[in-house]
Amino acid sequence: SSIIDSLRYTFNLPAAPRYTVDDVPDMDWIQHVQESWTPIITRDSKFVLRFPWHEDSLVMKACQEMEREKMQAAMAAQFDTGVKREGAVV
């Protein structure tokens, strides 16, 4: 196949890479992608990557989830000091 030959030439491979061809399910790929890709929020919550199909409510839910995760991490850091008092770790 010309694609395999191109790979071999481009990467100067001694032999063609082995590969298999899988059957691709017959489905509505646009719907699948839109349902699978949620908004992406940066850890500092200063940047939101949203696609045109994302409803405002979905973006808000993703932002709230990121804030919840940050609060849980901050609480875990405060209570996971490892200071021993009378044989107990607090």
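Distance CD1/Ile3 to OG1/Thr10: 11.5 Å, rounded to 0.5 Å.
Evaluation of the side-chain contact (heavy atoms from CB on, under 4.5 Å) rule for Asp23 yields no partner, not counting sequence neighbours. Qualifying salt bridge (charged side-chain N to carboxylate O under 4.0 Å, His left out) partners for Asp56, counting only residues two or more places apart in sequence or in other chains: Arg50. Looking at residues two or more places apart in sequence or on another chain, you find no side-chain contact (heavy atoms from CB on, under 4.5 Å) involving Pro52. When the side-chain contact (heavy atoms from CB on, under 4.5 Å) test is applied to Phe11, the partners found at least two apart in sequence or on another chain are Leu7, Leu13. Here Asp44 pairs with Thr42 under the side chain to side chain donor-acceptor pair (under 3.5 Å) rule; sequence neighbours left out. The side chain to side chain donor-acceptor pair (under 3.5 Å) test applied to Gln72 returns Arg68, not counting sequence neighbours. In this structure Leu49 satisfies the side-chain contact (heavy atoms from CB on, under 4.5 Å) test together with Ile40, Phe47, Phe51, sequence neighbours excluded. Qualifying side chain to side chain donor-acceptor pair (under 3.5 Å) partners for Lys61, counting only residues two or more places apart in sequence or in other chains: none.
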For this session: Given side chain to side chain contact (heavy atoms under 4.5 Å, CB included), test Met60 with Glu55 step by step and report yes or no.
Result: CA-CA 9 Å; Met60 181 60 71; Glu55 302 274 334; over 6 Å; no
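Residue pairs meeting the salt bridge (charged side-chain N to carboxylate O under 4.0 Å, His left out) criterion with at least one member in residues 24-42, sequence neighbours excluded, do not occur.
The hydrophobic cluster containing Met27, built from Ile/Leu/Val/Met/Phe/Trp/Tyr side-chain heavy atoms closer than 4.5 Å, also comprises Val24, Trp29. In the hydrophobic clustering, where aliphatic and aromatic side chains (Ile, Leu, Val, Met, Phe, Trp, Tyr) are joined below 4.5 Å either directly or transitively, Ile41 groups with Val48, Val59, Met66.
Within 6.0 Å of CH2 on Trp37 lie no more than 12 heavy atoms contributed by other residues, nucleotides or ligands.
No side-chain donor-acceptor contact under 3.5 Å links His54 to the backbone of Gln34.
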